[in-house]
Amino acid sequence: MARPFDVHALETKWQRRWAAEGTYEVDNDDPREHYYALCMYPYPSGSAHQGHIRNYTFGDLKVRFETMRGKAVLSPFGFDSFGLPAENAAIKARSHPRLFTEARMAELRSSVERLGAVYDWRRLVVSHDPTYMKYAQLIFLTFWRAGLAYRATAPVNWCPGCATVLANEQVLADGTCERSGDLVERRELEQWFYRITDYAEELLADLDGLAWPERVKVMQRNWIGRSSGVEFDLPLADDPSQALRVFTTRPDTGFGITYAVVAPEHPLLERLTREEQRAEVGALVARATAASEVERTATAEDGSLRKRGAFTGSFVRNPFTGAAVPVYVADYVLGSYGTGAIMAVPGEDERDYAFAQSYDLPVVRTVEPPADFAGGAWAGEGSHINSGFLDGLGIADAKAEATQFLVEHAGGRPTVNYRLRDWLISRQRFWGCPIPIVYCPTCGIVGVPIEQLPVLAPDDVTMDQTGQSPLATHPGFRDTTCPQCGGPARRETDTMDTFTDSSWYFLRFADPFTPDRPFDPIQAARWMPVDQYIGGIEHAILHLLYARFYTKALVDVGLAPGLPREPFARLFTQGMIRLNGSKMSKSKGNLIAPERYFDTVGADGLRIFHLFVGPPADDVDWTDQTEDVIEGCARFLDRIYRLATRELASREHDPARDDVVRHAVHRTIAKVTADLERWGFNTAVAALMELLNVLTRWAFADDTVHRPTYDEALDTLLALLAPMAPHLAAELWETRHPGDPSVHLQPWPIADPAWSRDPLVTMVIQIDGKVRARLDVDPGIGEDDARAGALDHPDVVRWLDGRVPARVIVRAPRTVSIVTR
RNA sequence: GCCCGGAUGGCGGAAUCGGUAGACGCGGAGGCCUCAAAAGCCUUUACUCGCAAGGGUGUGUGGGUUCGAGUCCCACUCCGGGCACCA
């Protein structure tokens, strides 16, 4: 496609100038109002893909828009540079992950710069940078000393194909590895955890105050999974001095307890199991502990809940009825939630019902289901029955009464449980930040002193796939001396989850030069919280939850006094790019590389496309027509270029033409400003296209202009275009205003209300609900004039045909509705 | 199964507060320019009846509220996403 200008030369010129002039470098003590715009820092996977382009186009638009609105905008960039893909690539090529990572960082940076996205590159933060690692390790140690980090033995997901542990989010719902497809195994390893569950309540409560997409908040609420109920004792039938402690959210159904269940890992299981049941129980436990949790909790192929269990031979007493009920062990009860044991009420719980069906256990209803209810368990509202002192009560009242009873008679205690688990941060990988701990036979677990930080991995580590941490195979790293007693000791050889790196980088951005601590809280407080965070929906839970936890914990351990407890005030999640319906990704090999468009439609053309193609939050389906749409976006820019560079003869002021132009200009200012504020980028571009149509197809179609009208129209158009197509806007502005400051330093246009209001609007006249006539009226028209104008309209007279209106509803200036019935 | 979204021309989408459905763009059709093409420009483009003037129908389906519904309410269908034995 032939362009009227040299896209490449023009865009390169401006990219160089922005970099040289440091236009978007901003100091912490800048007197203007501060605004922090941030795109989630990327994993360096090579040159940018369409998802990156989309992300940075949106972010850059905000940065330039808010800058023109007079704010000091912090726009930093960094890399989430640790991670498994680089390590795997390095193993394959017998190379070092750093080489891959740094080459790919350079590629991605170059893509981003060719897009014309502007950053304060002085503030670059990179996860594997030793200074950043030093403070990542300092934070770990500070958390540890504050009791927020601890060591415990836990089952982890281990992928035999990748020869490494996986994070929970890398395991698919069917229990296989998302990368290799292998079935994930369970291994018991001693691991480091962060006590994120201490913050469960705050993480839940603070969601209410965040300007985030509702669905992200819902996902986080579900993930945290608060449930309140009561914990109480079920005394053993053969020894009332001992009891099985259970947790329930439905104490009101207690009269319907017909059995109890313990998890396969429950500590009392051994005591409960009778000799004659030992073989059966043993078999179940063996099977349950060998399976991964994912596999264990998976549903059967027909979608039904799979229930496997075994009778222990023991009985406990229902505190409500005194009846002895059997105790089972079953894999549908999890050792890690609540007390690891439950009271089972098949009448009101579907899972208990399914189990009761399989094992022929009795079902007692304690809540009256609706007359037409034909199912098994009824979990809905109803009056209590078969429930002694609870009979006749609704669920809420019965819960209160039953709780009171359990408190008085069964060691009951109101309890809140969370689905959220502590965050396992240990990774048996090489390419991550080492955990700065030393194990000393004499002193125990010892933190590496700050003056010895950062703990860096040596370069000559073989990353063979043994399933063991690569660092453990390097004696020079592993064997050390105890910082406390000086005796021989062993280093921790696991590295930290890379989500720890992305949990505080936004704080380092605010103060990246401080040499002696992670960041100066006073400097960070100048920018925090992030005013606008932009990223993919795929981070809705993990990254955003971890970062929230870090922010709160950093305040509490004293590293960030005075900082807000929430890092991201406003969040925007962009849609995904699909190719003919399926997700575009490197692993599927269906990428459409953005690079090819830089030399044809240019960065500006590609940016306009991403802004225009649809609402930013929606997915984009890349189809056969997409190329044409991109061409259309470039055509729009070409038309602006031609208009701005066209030779036009001056003429006298012509109110009939020039006033219409002024109205269009000011209406567009109002529309674009409002649209950019509310993320309506597609309609903002459409509004500029409409303005351009007015100017080219009508106002200046005869090649003559009234200079002041033309100048205002063109300057406004370029200013409004500047955040969307920054190169072309800058170039044309410079042509029109040689020697003046760039369009990007101009104030954002302000709409004049006198002109942004149209002189005439179309009033619709309906008769019996159908549009029968239209009338152009003054927007300030009164009710009486509107009514009279409508009733006098020739089309209305014709349609009424002598009938007398029964009612006339006037909503000036939009509608007059005439009813004849 | 539960919880969120969503469904508008041939296509992407617009209609922001219950008041002109289809802005803007893509694609299509016709034309201008040209020796011809490309590029550009102009006209037209929801469906349907009609020579026209002018009608009728129309926002996933079926109901409802209203002078008036893409928008609100009820029931459902389909599509997308998240969670999925958390007691």
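Here is how names work: the chains are called A, B, and so on, in the same order as the sequence lines, proteins then strands, and each is numbered from 1.
Among the atoms of the strands shown, none is found under 4.0 Å from any heavy atom of A/G338. If you check every strand for non-hydrogen atoms under 4.0 Å, A/P4 touches nothing. Among the atoms of the strands shown, only primed sugar atoms or phosphate atoms (P, OP1, OP2) are found under 4.0 Å from some heavy atom of A/E690. A/T762 comes within contact range of at least one nucleobase, with a heavy-atom separation under 4.0 Å.
Taking atom CD1 on A/I630 and atom P on B/rG27, their separation rounds to 12 Å, with Å as the unit. Atom CZ of A/R667 is separated from atom C1' of B/rA23 by 12 Å (rounded to the nearest Å). Remark: P of B/rG25 and CG of A/D638 are 14 Å apart, rounded to the nearest angstrom. Protein atom CZ of A/F247 is 6 Å distant from nucleotide atom P of B/rA87, rounded to whole Å. Rounded to whole Å, the distance from CD1 on A/I577 to C1' on B/rG80 is 16 Å. For A/R607 and B/rG25, the CZ to C1' distance is 20 Å, given to the nearest whole Å. The nearest whole Å value for the distance from the CZ atom in A/R635 to the C1' atom in B/rC41 is 12 Å. Distance A/F636 CZ to B/rC24 P: 13 Å, rounded to the nearest Å.
Under 4.0 angstrom from either OP1 or OP2 of B/rG82 there lies no side-chain N or O belonging to A/R221. In this structure, A/R814 does not reach the B/rG18 phosphate: none of its side-chain N or O atoms is under 4.0 Å from OP1 or OP2. The phosphate of B/rU57 (OP1 or OP2) has a side-chain N or O of A/K770 nearer than 4.0 angstrom. An OP1 or OP2 oxygen of B/rU20 is reached within less than 4.0 angstrom by no side-chain nitrogen or oxygen of A/R772. In this model, the phosphate group of B/rC41 is not approached by any side-chain N or O of A/W698 to a distance below 4.0 Å at OP1 or OP2. Between A/T815 and B/rC67 there is no side-chain polar atom (N or O) within less than 4.0 angstrom of OP1 or OP2.
For B/rA7, the paired nucleotide is B/rU77, the pair qualifying as Watson-Crick or G-U wobble because both relevant distances are below 3.5 Å. A 3.5 Å limit on both hydrogen-bonding distances identifies B/rC32 as the Watson-Crick or G-U partner of B/rG40. Under the Watson-Crick and G-U wobble criteria, each requiring two contacts below 3.5 Å, nucleotide B/rA21 is left unpaired. Pair check for B/rA15 finds none; no Watson-Crick or G-U wobble contact set falls under 3.5 Å. Base pairing annotation: B/rG1 forms a Watson-Crick or G-U wobble pair with B/rC83, both donor-acceptor distances under 3.5 Å. Pair assignment for B/rU66 gives none, since no Watson-Crick or G-U wobble pairing has each distance under 3.5 Å. Across all strands shown, B/rC47 forms a Watson-Crick or G-U wobble pair, both distances under 3.5 Å, with B/rG56.
For A/I809, taking side-chain heavy atoms from C-beta onward, the closest of the listed nucleotides B/rG19, B/rC42, B/rC83 is B/rG19. Ranking B/rG68, B/rG25, B/rG54 by closeness to the A/M689 side chain, first place goes to B/rG25. Here the nucleotide nearest the side chain of A/V764, chosen from B/rG54, B/rG81, B/rU20, is B/rU20. The listed nucleotides are B/rC67, B/rG40, B/rA84; the one nearest the side chain of A/R642 is B/rG40. Minimum atom distance to the side chain of A/V333 is reached by B/rA87, of the listed B/rA14, B/rA87, B/rG55. Closest to the side chain of A/R578, out of B/rG27, B/rG80, B/rG55, is B/rG80. In this structure, of B/rA87, B/rG25, B/rG81, it is B/rG25 that holds the atom nearest to the side chain of A/N693.
A/T339 places a side-chain N or O within 3.5 Å of a backbone atom of A/A341 that can act as its donor or acceptor partner. Panel note: side chain A/T704, backbone A/F700; no donor-acceptor pair is recorded below 3.5 Å. With hydrogens and angles disregarded, a donor-acceptor distance shorter than 3.5 Å links the side chain of A/D349 to the backbone of A/D352.
Between B/rG5 and B/rU20, the two P atoms lie 26 Å apart (nearest whole Å). Going from the C1' atom of B/rG56 to that of B/rG60 covers 22 Å, rounded to whole Å. To the nearest whole angstrom, the two C1' atoms, one in B/rA23 and one in B/rU8, are 13 Å apart. If you take atom P in B/rG82 and the same atom in B/rG9, they sit 27 Å apart, rounded to whole Å. Nucleotides B/rC33 and B/rG28 place their P atoms 22 Å apart, quoted to the nearest Å. On the C1' atoms, B/rG68 is 7 Å away from B/rG19, given to the nearest whole Å. Rounded to the nearest Å, the gap between the P atom of B/rC11 and that of B/rA46 is 14 Å. Across the C1' atoms, B/rA69 and B/rG63 are found 14 Å apart, a figure rounded to whole Å.
A glycosidic torsion no more than 90° from 0 defines the syn conformation, and B/rC17 adopts it.
The environment of A/R772 atom CZ is dense: over 12 non-hydrogen atoms of other residues, nucleotides or ligands sit within 6.0 angstrom.
Between A/N222 and A/T696, it is A/N222 whose nearest contact on RNA chain B lies nearer the 5' terminus. Each of A/A674 and A/R226 has a nearest nucleotide on RNA chain B; the 5'-most of these lies closest to A/A674.
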Scoring nucleotides 4-12 of chain B by protein non-hydrogen atoms under 4.0 Å (B base, S sugar-phosphate only, - none) yields S-----BBB
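A perpendicular orientation is assigned to the rings of A/H543 and A/H539, their planes being inclined by more than 60° (bins at 30° and 60°). The aromatic rings of A/W622 and A/H610 sit tilted relative to each other, their planes meeting at an angle between 30° and 60°. Note: A/F320 and A/F255 have tilted aromatic rings, judged against thresholds of 30 and 60 degrees for the angle between ring planes.
For RNA chain B, the residues of residues 675-682 of chain A within the heavy-atom distance limit of 4.0 Å (strictly under) are A/D675, A/R678, A/N682, sorted by number.
Classification of A/R678 and A/D675 as a salt-bridged pair holds, one side-chain N sitting under 4.0 Å from a carboxylate O. Ion pairing between a basic and an acidic side chain is recognised when a charged N comes within 4.0 Å of a carboxylate O; A/R221 and A/D208 show such pairing.
Checked against the 6.0 Å centroid threshold, A/Y597 and A/F609 do not count as a close aromatic pair.
For the 3.5 Å distance criterion, the side chains of A/N417 and A/S227 fail to qualify, holding no donor opposite an acceptor.
In this structure, A/R419 forms a cation-pi arrangement with A/W223, its terminal cationic atom sitting closer than 6.0 Å to the ring centre and no more than 45° off the ring axis.
For the side-chain contact (heavy atoms from CB on, under 4.5 Å) test with A/M724, the passing option among A/L637, A/D604, A/L688 is A/L688; the others fail.
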After noting the C-alpha distance and the side-chain angles of A/Y337 and A/Y418, does the key distance pass the ring-ring contact (aromatic ring centres under 6.0 Å, His included) rule? CA-CA 8 Å; A/Y337 184 81; A/Y418 301 90; 9.3 Å; no
